[in-house]
Amino acid sequence: MNPSVSVIIPVYNREALLPRALESVRAQSSPANEVIVIDDGSTDASAAVAEDMASRWPELTILSQSNSGAGAARNRGLATAQGDWMAFLDSDDIWLPAKLANLRAAITEEPEPEFVHSNRVYRDPQGGDDRYAAYSVEQLNSRPFLFSCHPLKTSTVAVSRSLLARTGARFAEDVRTSEDYFFFWSALARTERVRFIDEVDAVIFESENSLSREEDRAVIWKDNVRVPSRLLNADLAPDLVGGLRTLRYRSAQELLLNERRQGRPIWRLLPFLARHLRLDEVMRIYASVLLDRSR
């Protein structure tokens, strides 16, 4: 058995970094059957860079759309891909040469998985020491753990076509962050056949994202409340509910603490919290932030 793999790469204004990502896919010891780049309305030369490489690489297909976000771009790739498995790569990350060989080896081991992810290293583009993920193999093979925090990176994940067909899992398109976790959790909620590859085969390049600025962190925390809430409204297995509910609670707490640090009245966020949490949770979070003088 040699399962076919489609690689999905969204890109937005990454003309300088896209060649590095694509070359890392082209250099795989076990080649991809199909590589799909979705240009999400770039205003730079990203599309031209991809088209130039496609002229020399038959497996590479370029799709273009108006700027709609990473979630919509990946969903476009999912709708187009023909492979037995879908593997994701962000345009500013790279794979090491054994990435797809490791994936195919993991897929063919019994019991056959439906959701595979692998180890990675974080790298500062400006230099400095590499940073490794601080999770154990046991944790990263555990569905309850995967629902309790944010331990997954898109560039390490691959999902079977059969799981996508059964669950209809897709990336969220109406949030600015956490769109990937909506997809991960939607897929993971319907399968126990998860496998973690304990070999570093992806490099995640850490960059200064505009959403990381102090004044914009509310966007992140709000999405970290919205996305778990959507899954908690579905029919989740009991062992997955606790971690997701705790994650949502902590995100709501951080949202209020961030508002307080910015000198904004935290009561303004009560209507938002009331839409996504139980009333008792809202009151506990509000009281804990009012009493917290440490931050």
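Side chains are part of it too, since the values below use all heavy atoms of this structure and drop only hydrogens, waters and symmetry mates.
For the pair Val7 and Gln28, the minimum side-chain heavy-atom distance is 4.5 Å or more. Side-chain contact check for Arg226 versus Phe272: some heavy-atom pair is nearer than 4.5 Å. For the pair Trp57 and Val25, the minimum side-chain heavy-atom distance is below 4.5 Å. In this structure, Arg245 and Arg278 have side chains that are in contact, with non-hydrogen atoms separated by less than 4.5 Å. Two residues are said to be in side-chain contact when any heavy atoms from C-beta on lie closer than 4.5 Å; Arg193 and Leu163 fail this criterion.
Counting only distance, with no hydrogens or angles, the side chain of Ser186 and the backbone of Ala169 share no donor-acceptor pair below 3.5 Å. Looking only at distances, no side-chain donor or acceptor of His117 sits under 3.5 Å from a matching main-chain atom of Ser155. Looking only at distances, a side-chain donor or acceptor of Arg76 sits under 3.5 Å from a matching main-chain atom of Ser64. Remark: the backbone N or O of Ala98 is not paired with any side-chain donor or acceptor of Asp201 at under 3.5 angstrom. Remark: side-chain polar atoms of Asn13 are paired, donor with acceptor, to backbone N or O of Asp44 under 3.5 angstrom. Between the side chain of Ser229 and the main chain of His276, a donor-acceptor pair closer than 3.5 Å is present. Proximity of a side-chain donor or acceptor of Arg176 to a complementary backbone N or O of Ile220 within less than 3.5 Å is not detected. In this structure, Tyr181 contributes its side chain and Leu152 its backbone to a donor-acceptor pair below 3.5 Å. In this structure a side-chain-to-backbone donor-acceptor pair under 3.5 Å is missing from Asp84 to Pro3.
Tyr132 belongs to a hydrophobic cluster with Ile94, Leu96, Val121, Val200, Val203, Phe205, counting contacts under 4.5 Å between side-chain heavy atoms of Ile, Leu, Val, Met, Phe, Trp and Tyr, direct or through other members.
Atom CG of Asp198 is separated from atom OG of Ser136 by 9.5 Å, given to the nearest 0.5 angstrom. The distance from atom CH2 of Trp85 to atom CD of Glu114, rounded to the nearest 0.5 Å, is 7.5 Å. Remark: Thr80 OG1 to Ile38 CD1 distance equals 7.0 Å, nearest 0.5 Å. The OG1 atom of Thr191 sits 7.0 Å away from the CZ atom of Arg143 when rounded to the nearest 0.5 Å.
For the residue pair Asp223 / Thr177, a side-chain donor-acceptor distance below 3.5 Å is found, with atom types taken as modelled. A donor atom on one side chain and an acceptor atom on the other are not found under 3.5 Å apart for Arg14 and Tyr12. Side chains of Asp90 and Thr154: a donor-acceptor N/O pair is absent below 3.5 angstrom, by distance only. A donor-acceptor contact closer than 3.5 angstrom is absent between the side chains of Glu199 and Ser118. In the model, Asn119 has no side-chain atom that pairs as donor or acceptor with a side-chain atom of Thr156 under 3.5 Å. Side-chain atoms of Ser4 and Asn33 form no donor-acceptor pair, as typed in the model, at a separation below 3.5 Å. A donor-acceptor pair shorter than 3.5 Å cannot be found between the side chains of Ser46 and Asp39.
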Is there a side chain to side chain contact (heavy atoms under 4.5 Å, CB included) between Leu22 and Val37? Walk through the geometry before answering. CA-CA 9 Å; Leu22 289 174; Val37 170; 3.8 Å; yes
Verify side chain to side chain contact (heavy atoms under 4.5 Å, CB included) between Ser68 and Asp40, making sure each step is shown before the conclusion. CA-CA 6 Å; Ser68 305; Asp40 188 39; 3.9 Å; yes
Run Phe147 and Asp239 through side chain to side chain contact (heavy atoms under 4.5 Å, CB included) and show every step you take. CA-CA 9 Å; Phe147 276 77; Asp239 64 334; over 6 Å; no
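Crowding of Glu23 atom CD: a count of heavy atoms from other residues, nucleotides or ligands under 6.0 Å exceeding 12. The number of heavy-atom neighbours closer than 6.0 Å to CD of Glu109, taken from other residues, nucleotides and ligands shown, is above 12. For CZ of Arg161, the number of neighbouring non-hydrogen atoms (other residues, nucleotides, ligands) closer than 6.0 Å is greater than 12. Shown here is Asp129, whose CG atom has no more than 12 heavy atoms of other residues, nucleotides or ligands within 6.0 Å.
Aromatic ring orientation, Trp185 versus His150: tilted (interplanar angle from 30° to 60°). Ring geometry for Phe183 against Phe88 counts as perpendicular: the plane angle is over 60°, on a 0 to 90° scale with 30° as the lower cut.
Remark: of the listed residues Val289, Ile266, Ile285, Val289 is the sole one forming a side-chain contact (heavy atoms from CB on, under 4.5 Å) with Leu257.
Glu254 and Arg217 are not joined by a salt bridge, as no carboxylate oxygen comes within less than 4.0 angstrom of a charged side-chain nitrogen.
Every pair passing salt bridge (Lys or Arg N to Asp or Glu O under 4.0 Å) that includes a residue from residues 50-65 is listed here, sequence neighbours excluded: Asp52-Arg56.
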